[in-house]
Protein chains: 2
Amino acid sequence: MPKARLTPASVTEAAAALVDEVGFDNLSMGLLAERLGVKTPSLYKHVTSQAELAHRIAVLAMTEAGDVIRDAIQGRSGSDALAAGAQAMRTYVREHPGRYAAANATRPTGPDDPFIPASERVLASWAAMLSGYDLDPGQEIHAMRTLRSVLHGFATLEAAGGFQIDASVDESFTWLINFIDQGLRAGVASGSDVAR
Amino acid sequence: MPKARLTPASVTEAAAALVDEVGFDNLSMGLLAERLGVKTPSLYKHVTSQAELAHRIAVLAMTEAGDVIRDAIQGRSGSDALAAGAQAMRTYVREHPGRYAAANATRPTGPDDPFIPASERVLASWAAMLSGYDLDPGQEIHAMRTLRSVLHGFATLEAAGGFQIDASVDESFTWLINFIDQGLRAGVASGSDVAR
DNA sequence: CCACTGAAGCTAACGTGATTAGCTAAAGGC
DNA sequence: GCCTTTAGCTAATCACGTTAGCTTCAGTGG
């Protein structure tokens, strides 16, 4: 084997860094090649297509996010775990908006797509965190989806510059976490069913 | 003036319909032209670029969503208004995923961009709805952002096929609305501040 | 009623960015 | 010190957005 300057992994890593700088939509093979000091067609010796590259970034992102969230929750429980996990996720998205966008743009390509276990690890962390609140077993799935919705929604709105007013976005996020925490501790939906 | 078969408005409307079918990312001038029974370059007599077309779709979507949400909230208050507004928004996104994606992909192009008043109308509806809960004035902004986050997050996750498990997504959504409603009625964050 | 104008739509052409084909040369095994 | 393997290169192709310039018809003014 010759030079081996680039590898699929190093190309993916560079692409992930690039995408965090210029935005996922502005990823191009030409720009990436330039960053790597190589001509565009050379990249195809390491990745089969731009779509595959984007998918690799997505897997990387999901894996990294999974690590970061797991580590944040590690050793905490209940409200502490929620706050730490949520903050960890928000921080990750703020630092890696391009990767996060890549992860959201991707769909599993098949049953053995590594993206699947990577996302399952994230879900498992959230599930572990939620187990610190005593929810009805039947409600866990709904709590999980609600949690994912708020965190994902906040992160994407923030990344898109959706929060205009000058009120502190940090403050809004801690308020949001608090809101969720109190709702989970209250054992929601035990009674009224407003939403019909 | 000659034939006038197409107009900027009719092209935009067709593009919006197309995008709901094939997905925002798969919008192409060629595909749209084909749908309209016209050759690609002819479209440029009505829109200046694909970017502008996407922006027009976004404005249309935001306007339609604003109407639908306002109408749903109309005549209701408190929990009823929340439930109706949230359901209306979710329904809109389910029926018009491409338009919604367009709206999320757009950034205001300037101070007189019609997208701005269109989104403000949506925010105004949510604000009107929230006024039915008696929140601290200082908390309204946080409640608004939390609300936007959950609804946007749920809608995008659902549109992306993010809810895999076979548990009813409808049920999760009503659970979510209930969760928010109860939190808002409880007058959150009055005490503990978990999230540091 | 008819020449005139203006814009809709067309064909041809261009530019950019992804991708492929085929060549070259250097690295590691023998 | 050869020989194979393959990273990277140049040249070419393809798809798609976009532009240039021509053609034709709808409506207007005489």
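These numbers come from a predicted model, not from an experiment. Numbered from 1 within each chain, the chains take letters A, B, ... in sequence-line order.
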Atom-to-atom span, [atom1] of [X] to [atom2] of [N] - whole angstrom:
X: A/Leu27; N: C/dA18; atom1: CG; atom2: C1'; result: 11 Å
X: A/Asn26; N: C/dG17; atom1: CG; atom2: C1'; result: 13 Å
X: B/Leu32; N: D/dC16; atom1: CG; atom2: P; result: 14 Å
X: B/Glu34; N: C/dG9; atom1: CD; atom2: P; result: 16 Å
X: B/Leu43; N: D/dG17; atom1: CG; atom2: C1'; result: 11 Å
X: B/Gln50; N: D/dT19; atom1: CD; atom2: C1'; result: 16 Å
X: B/Arg5; N: C/dA8; atom1: CZ; atom2: P; result: 12 Å
X: A/Met29; N: C/dT20; atom1: CE; atom2: C1'; result: 12 Å

(request) Taking the side chain as every heavy atom from C-beta outward, state whether A/Met29 and A/Val47 have any atom pair closer than 4.5 Å. (result) yes

(request) Using the closest heavy atom to pick a nucleotide of DNA chain C for each, name whichever of A/Lys45 or A/Gly30 lands nearer the 5' end. (result) A/Gly30

(request) With the side chain of A/Pro41 defined as its heavy atoms from C-beta on, choose the nearest nucleotide among C/dA21, D/dG8, C/dG17. (result) C/dA21

(message) Please confirm whether the shortest side-chain N or O distance from B/Ser42 to OP1 or OP2 of C/dC10 is below 4.0 Å.
(response) yes

(request) Please determine if a side-chain N or O atom of A/His46 lies less than 4.0 Å away from the OP1 or OP2 oxygen of D/dT6. (result) no

(request) Using heavy atoms to find the nearest nucleotide of DNA chain D for A/Lys39 and B/Tyr44 separately, return the residue whose nucleotide is more 5′. (result) A/Lys39

(message) Over all strands shown, is B/Thr40 touching base, sugar-phosphate only, or nothing at heavy-atom distances under 4.0 angstrom?
(response) base

(message) Can you tell whether the side chains of A/Arg121 and A/Asp67 come within less than 4.0 Å, N to carboxylate O?
(response) yes

